[in-house]
Student: 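One structure, as structure tokens, below. Some questions next.
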Number of protein chains: 2
Amino acid sequence: MTEERSKTIAFVVYPGLTLLDLAGPLQVLTPLAVAGYRVLTVGERATPHDTDTPLAITPTHTFADVPTPDVVVVPGGAAPTLRAMADERLLDYLRTASAHATVLASVCTGALLLGAAGLLDGRRATTHWVMRDQLAALGATPVAERWVEDGPVLTAAGVAAGIDMALHLVTRLEGADIARTIQFAVEYDPEPPLGPLDWSRAPHAEFGALRSAWLREGLADHPDLLARLGGDSVA
Amino acid sequence: MTEERSKTIAFVVYPGLTLLDLAGPLQVLTPLAVAGYRVLTVGERATPHDTDTPLAITPTHTFADVPTPDVVVVPGGAAPTLRAMADERLLDYLRTASAHATVLASVCTGALLLGAAGLLDGRRATTHWVMRDQLAALGATPVAERWVEDGPVLTAAGVAAGIDMALHLVTRLEGADIARTIQFAVEYDPEPPLGPLDWSRAPHAEFGALRSAWLREGLADHPDLLARLGGDSVA
């Protein structure tokens, strides 16, 4: 495949992200290299970044190296992702990339970063269930689905939903046959030992308290943003 | 929680592993820190390691730092994992750890590393479906289940099965309530866009060719091991 025909898929890395938000879709999309895609990871710097697990990760490229990816995937996280909502270098990267990219994807609270960059205006979108209501403050219409497509914007629900979204994206880009082959490769045949989530038992109080703590911690230096995302109710 | 009561969960890192084999269970087990566990990652060196995706990973500790974990989790991979079957430092780590650990877990072809260390003798075990028959050559009884427990040995099927296994392990260690809370935290409510795997459509020929290539590449310097794992049929 010639250089000008190959498409680039860039996964955005920043400090403190939720590892599985990144690793699930990255594992699913990496095999697209055999279909001619350049699959890579980008950060402000190509040095080790902490995650929310005891593992550091190093992207292959910097933002400057890959200014015009065709597909951008933004993982989420807890307080560090809220902090990243005020990271102008990251937001500038997303805005610049959005002018060229045909797919702007997020996993979990990565949607809040798309929103902070102004890329969710008037879009239907989803995110981690704990943060779903916050999307409205960023101009989006929150939707309770596993993944949501609206034009170039493709948002997934929390963490593990990135795997489902990525398989959908493979189907959209290259068809169901390769998506099915990848699903066999990663043996994605889920058997949650306690069954699927029973949403009638969702621990709203416990996670609501976590949300308040994440907002206060992540947006401590940005009272306007804190107030916009529900700071009044969490102060 | 006092130091002597806290239990250590160590995830083994080595060059070229399959990222999601590690990241799925690591994301699920990391929250056990709030229950007093030390959750960490160990490698021969605490410097960046390549994975099978465009992302490098750095463990928090070296093998020497954590000689007696209570729980060991070994991720798998393709040719690099087969190569690791002859990595005596890694195998020594597993053997030494096995004298103390109450759980020896693997994801995907990580089971081949447990087997190479002599830890699957007479055990029922599973691994990635493409490599399942190879377990018999390592003294195990291959089982086609999502995860298999036999004494201290807990093996998962391929890649994404590590998430299911890890949630089961949380239940075993700390009960179903915390496992359910973690399942909500990682929003593990799978909706594979093409549905669950239809095993009647498994691409045996295509993945059989891959298996042969992985065995030849990974075990090129170890003809005895290559012959033992099916080298005769792949030569």
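So you know, we letter chains A, B, ... as the sequences are listed, proteins then strands, and number each from 1. It should be emphasised that the depicted structure is a prediction, and the values quoted were computed from it without experimental measurement. Side chains included, hydrogens not; waters and symmetry mates left out as well; all remaining heavy atoms used.
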Student: For chain A, find its close neighbours in residues 103-114 of chain B: heavy-atom separation under 4.5 Å, sorted by number, or none.
Tutor: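 If one takes a 4.5 Å heavy-atom cut-off, no residue of residues 103-114 of chain B lies near chain A.
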
Student: Distance alone, cut at 3.5 Å: any donor-acceptor contact between the side chains of A/Asp52 and A/Thr18?
Tutor: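 The criterion, which ignores hydrogens and geometry beyond distance, is satisfied for A/Thr18 and A/Asp52.
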
Student: Without swapping roles, check the side chain of A/Glu145 against the backbone of A/Thr126 for a donor-acceptor pair under 3.5 Å.
Tutor: no

Student: Can you pull out the residues in residues 72-82 of chain B with any heavy atom less than 4.5 Å from chain A?
Tutor: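 Heavy-atom contacts from residues 72-82 of chain B to chain A are absent.
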
Student: Ignoring hydrogens and angles, tell me if any N or O in the side chain of B/Arg211 forms a donor-acceptor pair with the backbone of B/Val130 under 3.5 Å.
Tutor: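 It does hold such a pair.
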
Student: Do A/Asp70 side-chain atoms and A/Thr8 backbone N/O form a donor-acceptor pair below 3.5 Å?
Tutor: yes

Student: Top residue by heavy-atom pair count (under 4.5 Å) with chain A, among B/Ala161, B/Ala23, B/Ala176?
Tutor: B/Ala23

Student: Show me, pair by pair, the donor-acceptor contacts under 3.5 angstrom made by side chains of residues 183-197 of chain B, not counting sequence neighbours?
Tutor:
from, atom 1, to, atom 2, distance (Å)
B/Gln183, NE2, A/Gly195, O, 2.9
B/Gln183, NE2, B/Tyr188, O, 2.9
B/Glu187, OE1, A/Trp129, N, 3.1
B/Glu187, OE1, A/Gly158, N, 2.9
B/Tyr188, OH, B/Asp164, OD1, 2.6
B/Asp189, OD1, A/Leu197, N, 2.9
B/Asp189, OD2, A/Trp199, NE1, 3.0

Student: Using non-hydrogen atoms and a 4.5 Å limit, figure out which bit of B/Thr58 sits close to chain A: side chain, backbone, both or neither.
Tutor: both

Student: Considering residues at least two apart in sequence or located in another chain, which fulfil the side-chain contact (heavy atoms from CB on, under 4.5 Å) criterion with A/Asp198?
Tutor: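 In terms of side-chain contact (heavy atoms from CB on, under 4.5 Å), with neighbours along the sequence ignored, A/Asp198 is linked to A/Ser200, A/Arg201.
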
Student: Which bit of B/Leu29 comes within less than 4.5 Å of chain A, counting heavy atoms only: side chain, backbone, both or neither?
Tutor: neither

Student: Indicate yes or no for a side-chain donor-acceptor contact from B/Tyr14 to the backbone of B/Glu44 under 3.5 Å, with no hydrogens or angles considered.
Tutor: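 Such a contact is absent between B/Tyr14 side chain and B/Glu44 backbone.
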
